[in-house]
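Every chain is numbered from 1 and lettered A, B, ... according to where its sequence line falls, protein lines coming before strand lines.
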Amino acid sequence: MVDKKDKFTAIVFSGDLDKVLASFVLATSAASMGMETTMFFTFWGLNVLKKNPPLIKGKGFMEKALSFMNRGGAKRLPLSNLNMAGGGRLMMKKMMKQKNVQSIEEFIELAKQLNIKLVACELSMHVMGIKREDLLDEVNDVVGAVSYLSEAKEGKVNLFIA
Amino acid sequence: MEVKPDKVLDVKGLYCPMPAVKTSMQLEKMKSGQVIEVITTDLASRRDLPKWAEETGNKLLKIEIGNEENTTSYIYIQKK
């Protein structure tokens, strides 16, 4: 039986639609079982948490170029395979809708209803020139590896989704 | 065994994780001892919901299954 102190953590390193979807299915299931659930978004995973993306942001050419090519936002996550320049993603989203499967945006809302903590990785935000204001209000906190690990050491389930 | 549910949760057409998630959210609003009937067409939930009940300390009262072609399950859970 799930103990009140059983924790679930997931490091969401990938920004791909299919992998992020799997992450949310696992996290929401864990929360439904009463596990204290945290999702830690880093690198490409930060794309899930970006607000309706502004076109070009950041200081200097490289940050701006990255922000343009990596616009992110839960609506724009590519497939990890067969993305076909976005064609694959569109088809996958259509199939999900037809079969009554929640979109990523809907999963984020569900995660909040289930009190799942959504935290962002400070280091990758810093490297890529992403500011706190660029992320959704739903994000609970911006932390480092130590905060993640202090949760994970009590985690019965800890996942790294790359 | 005749079971009278206090609440019927119809999640037909919804798939993992929604049946378990919606069951947990609905059960939270109910009182201890009350019974929920979850109607699901998701085959995985036939395995997952009894497990969910076991993991959360709620009591699985019974499962009724539709006929061979019918994938509908009627799962009765009593809140602890």
Side-chain angles (χ1 to χ4, degrees), chain A residues 1-10 12 17-39 48 74 92-118 138 154-157 159 161, chain B residues 5 7-61 63 66 69-80:
Chain A
M1 198 182 122
V2 166
D3 186 275
K4 239 179 252 186
K5 287 187 291 169
D6 284 350
K7 295 193 183 194
F8 169 102
T9 73
V12 184
L17 172 60
D18 41 353
K19 297 187 187 190
V20 170
L21 179 66
S23 312
F24 273 102
V25 170
L26 289 161
T28 52
S29 299
S32 83
M33 288 163 72
M35 297 175 87
E36 201 182 304
T37 306
T38 307
M39 297 175 82
V48 180
M92 182 61 77
K93 284 175 81 170
K94 199 154 191 214
M95 285 196 289
M96 281 166 66
K97 190 140 199 235
Q98 280 171 358
K99 299 184 189 192
N100 247 329
V101 175
Q102 347 269 93
S103 63
I104 301 298
E105 307 96 273
E106 287 167 333
F107 261 112
I108 292 174
E109 214 195 288
L110 186 63
K112 291 316 285 184
Q113 282 176 33
L114 294 169
N115 285 320
I116 292 175
K117 283 193 289 238
L118 304 174
E138 282 87 323
E154 279 162 42
K156 281 290 180 79
V157 178
L159 305 173
I161 295 146
Chain B
K7 172 87 187 156
V8 176
L9 180 68
D10 184 341
V11 287
K12 292 203 289 280
L14 294 183
Y15 294 84
C16 166
M18 298 320 290
V21 166
K22 289 208 174 228
T23 301
S24 74
M25 286 166 82
Q26 181 59 55
L27 215 59
E28 210 176 314
K29 299 188 212 158
M30 292 167 66
K31 297 202 194 99
S32 171
Q34 284 188 315
V35 175
I36 190 173
E37 175 186 342
V38 184
I39 310 176
T40 172
T41 48
D42 175 31
L43 281 178
S45 292
R46 206 176 276 181
R47 297 281 179 270
D48 282 16
L49 286 176
K51 263 287 166 199
W52 179 89
E54 185 191 318
E55 292 288 347
T56 54
N58 293 302
K59 190 166 177 204
L60 175 72
L61 294 178
I63 312 177
E69 305 86 24
N70 194 348
T71 58
T72 311
S73 315
Y74 301 81
I75 301 174
Y76 297 81
I77 295 172
Q78 181 174 40
K79 182 164 178 173
K80 63 180 172 195

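Distance alone, capped at 3.5 Å, places no donor-acceptor pair between the B:Gln78 side chain and the B:Val35 backbone.
Of the listed residues (A:Met33, A:Met1, A:Met35), the greatest number of heavy-atom pairs within a distance under 4.5 Å of chain B belongs to A:Met1.
Using a 4.5 Å cut-off between heavy atoms, A:Leu26 does not touch chain B at all. Residue contact with chain B, scored on non-hydrogen atoms closer than 4.5 Å, involves the backbone and the side chain of A:Val25 alike.
Of the inter-residue distances, the one linking B:Leu9 atom CG with B:Met30 atom CE reads 9.5 Å to the nearest 0.5 angstrom. The distance from atom CD1 of B:Ile36 to atom CG of B:Leu27, rounded to the nearest 0.5 Å, is 5.5 Å. The line from CZ of A:Phe24 to CG of A:Leu110 is 9.5 Å long, rounded to the nearest 0.5 Å. For the atom pair B:Ile77 CD1 and B:Ile63 CD1, the distance stands at 8.5 Å (nearest 0.5 Å).
Within the 4.5 Å cutoff, no side-chain heavy atoms of A:Val20 are placed close to those of A:Met39.
The neighbour count for A:Met92 CE, taken as heavy atoms of other residues, nucleotides or ligands under 6.0 Å away, does not exceed 12.
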Write out the donor-acceptor pairs between chain B and chain A under 3.5 angstrom, atom names and distance to 0.1.
residue, atom, partner, partner atom, Å
B:Trp52, NE1, A:Ser32, O, 2.7
B:Glu55, O, A:Val2, N, 2.7
B:Glu55, OE1, A:Val2, N, 3.4

